[in-house]
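Letters A, B, ... are given to chains in the order of the sequence lines, protein chains preceding strands, and every chain is numbered from 1.
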Amino acid sequence: MFGIRGNSAILISLLAAFVLASMPLPGGLGPFRPLWVPMTLLYWCLAMPNRVGVGVAWSCGLASDILHGGILGQHALSYLLLAYISIMLHRQIRVYPLIQQSAYVLLALMIQQMVVYWIEGILGNQLMVASSYWWPTLISSLVWAPFFLLMRAWRRRAQLH
Amino acid sequence: MFRRGPSVTIRLGLLLVASVALMTLDHRYQRLEATRASLQTLLLPVTYTAELPGRVFNWFGQSLRTNQRLQSENHDLRRENLLLNLQVQQYNALSAENLRLSNLLGSAFRLENAQRVLIARIMGIELDHFSHSIQLNKGSNLGVYPGQPLLNAKGIVGQVVHVSPFASEALLITDPSHAIPVKNNRNGVTALAIGTGQSNQLNLPFLPNTVDLEPGDLLVTSGLGGVFPSGFPVGRVDGVTRNPGHPFARVTAAPTSELERIHEVLLLWPEKAPAEDPPEPPETTGDND
């Protein structure tokens, strides 16, 4: 309709994810926001590993570091590992039913969040971590199915195969 | 597709090294301010787009107000202004008296006045467990500098950490890596208030069990450390647990500036008084109370 094809469709989806991730949310909803950027990366790494790879994931991580504050390279490293695992496993995960995929998403995002957590620990930041740290991961996994369908429709419209 | 297998792993290795190098450079040597500033400027469109819905919503809310409501709001504001003016009159007299008395005592204490303030809009708030930071829409083109104190009507909010030409990033006082020197307004006991990663709590560590702090005490900036001007409210003590089995009391405070619902902050340029600074250290003896 708008003639968005190929790589620009990927770029637009990533930009949208960044906007969603840094949009201020009303009330106390902030801590429950899904991990939009890692989810979008995950989708593209599973669907188009030859277009979106570790390099793109790393650059997105760097952008996250800038947008959300914190030490440079922290999110870059965690997204890098997320992308690597997903690219290595994409042939299996692609054929999983959506429920099983959601379980994989939970696992992969937990690894990603864990890496961020570890780096914070190495930097020696005092943390008062409640179980609420894992809410975004859990919620991302719960919304994975509709998110996946939406992204697939977007990919097909952009004629990416 | 198959021949890409090994190259992905090689790229992974390279980027891993690059990430670790970046983190080391950033954390140990703070060498990346220029890089950060330029990347932040590059990403400004994303930040502006992200805050757009909130602004549109606010604008609608404002333009749909009824005339009656505006009038009553105006009335309230006028009354508040009158009251504030009244207090300022007293303040001027008090500050003059304070100055005279501290001159008589030969004390180095001065109420520091703000030389210049600037209102900045908050473009993004990051409140997770690791970082409590905000993005501001004012940058180095207006003279914003790293370490600059940030306030709102209720007290200290935080300090600027990274500056790019048109935006800047600030740490809130509740960030786990942030500490602010405070003193008890009632008796001058000094302490450090350290962020906890929870937006309604500050920790005051390393205070002896006999420390004279009670719930309800107001903590104000002590001016030690030179980042924050002295005398601005920071928090109110809300819990003191003294356990004789532990070397230190467990003291917590709640920030006065309601960090969860701030929209605008004041950037402050404190009056520079370099000659006044050296005599300050003796004041720290208040810590041993």
Side-chain angles (χ1 to χ4, degrees), chain A residues 15-28 30-31 33 49-50 53-55 57-59 61-81 83-85 87-88 91 115-117 119-130 132-133 136, chain B residues 1 4-5 7-9 11-12 14-16 18-27 32 35-36 39-40 42-43 45-47 49-54 57 122-135 161-162 164 169-171 175-177 194-198 201 203 205 260:
Chain A
L15 281 177
F18 273 114
V19 167
L20 280 174
S22 38
M23 187 178 289
L25 287 184
R33 188 203 303 268
N50 50 343
V54 287
W58 190 79
S59 316
L62 208 58
S64 278
D65 285 328
I66 298 284
L67 283 174
H68 300 159
I71 175 171
L72 278 186
Q74 181 183 30
H75 285 93
L77 181 61
S78 72
Y79 290 1
L80 176 65
L81 293 175
Y84 182 72
I85 302 168
I87 290 167
M88 285 293 125
R91 285 187 197 79
V115 170
V116 175
Y117 189 88
I119 295 172
E120 287 291 334
I122 292 168
L123 296 177
N125 284 347
Q126 271 187 13
L127 297 181
M128 275 195 167
V129 164
S132 61
Y133 180 62
Chain B
M1 211 188 270
R4 300 178 77 91
S7 96
V8 171
T9 313
R11 271 184 290 167
L12 173 83
L14 285 177
L15 290 172
L16 271 178
S19 318
V20 174
L22 266 182
M23 284 189 275
T24 319
L25 274 176
D26 194 21
H27 189 239
L32 297 169
T35 320
R36 191 188 279 274
L39 282 175
Q40 202 174 36
L42 206 70
L43 288 169
V46 173
T47 319
T49 321
E51 65 148 356
L52 207 61
F57 191 75
I122 295 175
M123 295 197 293
I125 306 185
E126 189 66 22
L127 288 181
D128 59 28
H129 291 91
F130 308 126
S131 67
H132 280 197
S133 61
I134 49 178
Q135 306 268 340
V161 281
H162 301 297
S164 64
E169 189 190 323
L171 274 192
D175 184 282
S177 64
I194 295 177
T196 58
Q198 290 170 0
Q201 201 178 348
N203 250 343
E260 274 161 330

Asks: Once rounded to the nearest 0.5 Å, what's the spacing between atom CG of A/Leu80 and atom CG of B/Leu12?
Replies: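 CG of B/Leu12 is found 5.0 Å from CG of A/Leu80.
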
Asks: Under 4.5 Å from any heavy atom of chain B, what part of A/Leu62 do you find: side chain, backbone, both or neither?
Replies: side chain

Asks: Give the member of B/Gln40, B/Arg36, B/Gln135 that has the highest number of heavy-atom pairs under 4.5 Å with chain A.
Replies: B/Arg36

Asks: Using 0.5 Å steps for rounding, measure from the OG atom of B/Ser19 to the CD1 atom of A/Ile119.
Replies: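 B/Ser19 atom OG to A/Ile119 atom CD1 measures 8.0 Å (nearest 0.5 Å).
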
Asks: Considering only heavy atoms and a distance below 4.5 Å, find which of A/Leu67, A/Val116, A/Ile87 pairs most often with chain B.
Replies: A/Leu67

Asks: With a 4.5 angstrom heavy-atom cut-off, is it the side chain or the backbone of B/Pro53 that approaches chain A, or both, or neither?
Replies: side chain

Asks: Which value, rounded to the nearest 0.5 Å, describes the distance between B/Thr35 atom OG1 and A/Leu72 atom CG?
Replies: 7.5 Å

Asks: Of all heavy-atom pairs between B/Ser131 and A/His68, which one has the smallest distance, and what is that distance?
Replies: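 Closest pair (atom of B/Ser131, atom of A/His68, distance): OG-O, 3.9 Å.
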
Asks: With a 4.5 angstrom heavy-atom cut-off, which part of B/Thr49 approaches chain A: side chain, backbone, both or neither?
Replies: both

Asks: Go through the steps for B/Leu15 and A/Leu77 under the test side-chain contact (heavy atoms from CB on, under 4.5 Å), then give the verdict.
Replies: CA-CA 8 Å; B/Leu15 290 172; A/Leu77 181 61; over 6 Å; no

Asks: Would you name the heavy atoms of A/Ser22 and B/Val46 that are closest together and state the gap between them?
Replies: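 Smallest interatomic distance, heavy atoms only, reads OG-CG1, 4.2 Å.
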
Asks: Of the backbone (N, CA, C, O) and the side chain (C-beta and beyond), which part of B/Leu39 lies under 4.5 Å from a heavy atom of chain A, both, or neither?
Replies: both

Asks: Who are the side-chain hydrogen bond (donor to acceptor under 3.5 Å, both in side chains) partners of B/Glu169, not counting sequence neighbours?
Replies: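 Counting only residues at least two positions away or on another chain, B/Glu169 forms no side-chain hydrogen bond (donor to acceptor under 3.5 Å, both in side chains).
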
Asks: Please test B/Met23 against A/Leu123 for side-chain contact (heavy atoms from CB on, under 4.5 Å), starting from the C-alpha separation and ending with a verdict.
Replies: CA-CA 10 Å; B/Met23 284 189 275; A/Leu123 296 177; over 6 Å; no

